[in-house]
Peer 1: 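Once you've had a glance at the structure underneath, I'll fire off some questions.
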Amino acid sequence: MRFAAIADVHGNHFALEAVVADIRAQGISDIVNLGDMVSGPLDARRTVEIMMGMNAVCVRGNHDRYVTDYRLEDMYPSDRLAHSQLEPAQMEWLRALPFSTIYRDEVYLVHATPDDDNTYWMESVTPEGIVHMAAIEAIEEKAKGITQSLILCAHTHIARSVRLRDGRMIVNPGSVGGPGYRDVVPFPHMLEVGTPDACYAIIEKVGKRWHVTFRQVPYDHQAMAELALQNQRPEWASALATGWIR
């Protein structure tokens, strides 16, 4: 079994196109998508158009849910912009995506955690806003009841893999289109991945063991940074241009 895992595109269709081209260049046909396709000061309509034509296995992210289910007055600015860009059929497609799913009987897919689409799984945040690796006990607690040997999650935009003590593996493929953000849950914090390149993962099962390769793909990130500036989001523009928020 060999496939690609993508996540957290956030309306960045240039990054998505570059990643899909790289996946095809690796001879890979199967793609799973872990959500948060929209929400960002970029182009939600074109992004969902690409995703709907890919025949990928998809789950819905927290921002996909905000865009389809929240009232306009309750949305964050990026969600509100994405909502204004999407066609009705695209909204319905996003709304119909599952919270989680099983891929080929062996892989559990979810955006964040099995219980909450807005909770970090492999990371923790201190009250001072420092993001760090979570304790193995906390990571394993969230994995209780999942029988699949491979678990894929996203949400933090950090490419990471953890092998649990029972042999199961958890993988976050990183973010295709959002190399930095600020958040207030569970405490105000900032996350920066340090590169503007698009990130995804190639996953392969060899015998009974899973192997993961993280790939960073250059693309025209400056064009996306300029679009974020046009939409009056300088922090997004900084992250898209450099991988850092300044």
Side-chain angles (χ1 to χ4, degrees), residues 4-20 23 30-103 108-119 152-157 172-179 181-185 198 200 219 223-224 227-233 235-237 239-240:
I6 67 173
D8 293 294
V9 180
H10 285 283
N12 190 336
H13 67 289
F14 277 10
L16 178 59
E17 289 167 344
V19 161
V20 171
I23 291 169
D30 288 1
I31 300 174
V32 301
N33 166 39
L34 304 175
D36 271 10
M37 285 163 275
V38 298
S39 184
L42 304 173
D43 193 333
R45 181 185 293 113
R46 176 58 182 151
T47 299
V48 174
E49 181 181 42
I50 295 169
M51 286 303 315
M52 290 176 69
M54 280 173 50
N55 197 33
V57 176
C58 300
V59 296
R60 187 165 71 154
N62 61 306
H63 281 283
D64 302 325
R65 176 173 59 86
Y66 299 162
V67 168
T68 60
D69 294 4
Y70 276 24
R71 299 182 304 171
L72 281 173
E73 56 267 31
D74 294 332
M75 291 182 187
Y76 296 110
S78 291
D79 301 325
R80 194 176 301 117
L81 176 61
H83 183 280
S84 72
Q85 294 173 334
L86 292 170
E87 302 288 345
Q90 295 177 321
M91 293 281 285
E92 287 306 310
W93 181 78
L94 284 173
R95 189 176 288 114
L97 293 175
F99 175 88
S100 63
T101 194
I102 307 299
Y103 171 67
Y108 178 85
L109 311 180
V110 73
H111 177 68
T113 71
D115 297 322
D116 188 352
D117 65 8
N118 196 27
T119 297
L152 300 185
C153 67
H155 191 48
T156 63
H157 300 202
N172 184 329
S175 174
V176 170
Y181 64 85
R182 293 184 189 272
D183 204 348
V184 296
V185 178
Y200 78 98
Y219 73 100
M224 289 291 98
L227 181 56
L229 276 180
Q230 290 174 23
N231 288 316
Q232 301 179 343
R233 299 299 300 278
E235 286 189 356
W236 269 82
L240 288 163

Peer 1: What distance separates I23 CD1 from I31 CD1, expressed to the nearest 0.5 Å?
Peer 2: 4.0 Å
Peer 1: Under 4.5 Å between any side-chain heavy atoms of L97 and H111, yes or no?
Peer 2: no
Peer 1: Is a side-chain donor-acceptor pair under 3.5 Å present for D79 with H63?
Peer 2: yes
Peer 1: Are H155 and N118 linked by a side-chain donor-acceptor pair shorter than 3.5 Å?
Peer 2: yes
Peer 1: State, yes or no, whether a side-chain contact exists between H13 and R45 at a heavy-atom distance under 4.5 Å.
Peer 2: no
Peer 1: Working to the nearest 0.5 Å, report the span between CH2 of W236 and CG of N12.
Peer 2: 8.0 Å
Peer 1: Rounded to the nearest 0.5 Å, how far apart are CZ of R65 and CG of D117?
Peer 2: 4.0 Å
Peer 1: Could you walk me through whether R95 and R60 pass the side-chain contact (heavy atoms from CB on, under 4.5 Å) test, one step at a time?
Peer 2: CA-CA 8 Å; R95 189 176 288 114; R60 187 165 71 154; 4.1 Å; yes
Peer 1: Taking all heavy atoms of A56 and all of M51, pick out the closest pair and write down the distance.
Peer 2: CB-CE, 4.3 Å
Peer 1: Please give me the minimum heavy-atom distance between A154 and D8, naming the atom from each residue.
Peer 2: CB-OD2, 3.4 Å
Peer 1: If only atom types and distance count, is the side chain of R233 paired as donor or acceptor with the main-chain N or O of A228 below 3.5 Å?
Peer 2: no
Peer 1: Does atom CG of D74 have more than 12 heavy-atom neighbours from other groups under 6.0 Å away?
Peer 2: yes
Peer 1: Which atoms form the tightest heavy-atom contact between L34 and P173, and what is the distance?
Peer 2: CD1-CD, 3.7 Å
Peer 1: Distance check, rounded to the nearest 0.5 Å: L86 atom CG versus T47 atom OG1?
Peer 2: 9.0 Å
Peer 1: Is there a donor-acceptor contact under 3.5 Å from the side chain of D43 to the main chain of G11?
Peer 2: no
Peer 1: Nearest 0.5 Å, what's the OG1-CG distance between T68 and L94?
Peer 2: 6.5 Å
Peer 1: Closest approach of T156 and N172, non-hydrogen atoms and distance?
Peer 2: OG1-ND2, 3.1 Å
Peer 1: H83 and V38: side-chain contact (heavy atoms from CB on, under 4.5 Å), yes or no, with the steps?
Peer 2: CA-CA 9 Å; H83 183 280; V38 298; over 6 Å; no
Peer 1: Please confirm whether the backbone N or O of L42 pairs with a side-chain atom of Q85, one donor and one acceptor, at under 3.5 Å?
Peer 2: yes
Peer 1: To the nearest 0.5 angstrom, please state how far the CZ atom of F14 sits from the CZ atom of R46.
Peer 2: 9.5 Å
Peer 1: Just by modelled atom types, is the M37 backbone N or O under 3.5 Å from a matching donor or acceptor in the D64 side chain?
Peer 2: yes
Peer 1: Looking at every non-hydrogen atom in both residues, tell me the closest pair between A198 and A15 and how far apart they are.
Peer 2: CB-CB, 3.9 Å
Peer 1: Keeping the roles fixed (side chain from N62, backbone from D36), state whether a donor-acceptor pair exists under 3.5 Å.
Peer 2: no
Peer 1: Are the side chains of Y108 and I102 in contact, using a 4.5 Å heavy-atom criterion?
Peer 2: yes
Peer 1: What is the minimum heavy-atom distance between V9 and V176, and which atoms define it?
Peer 2: CG2-CB, 3.9 Å
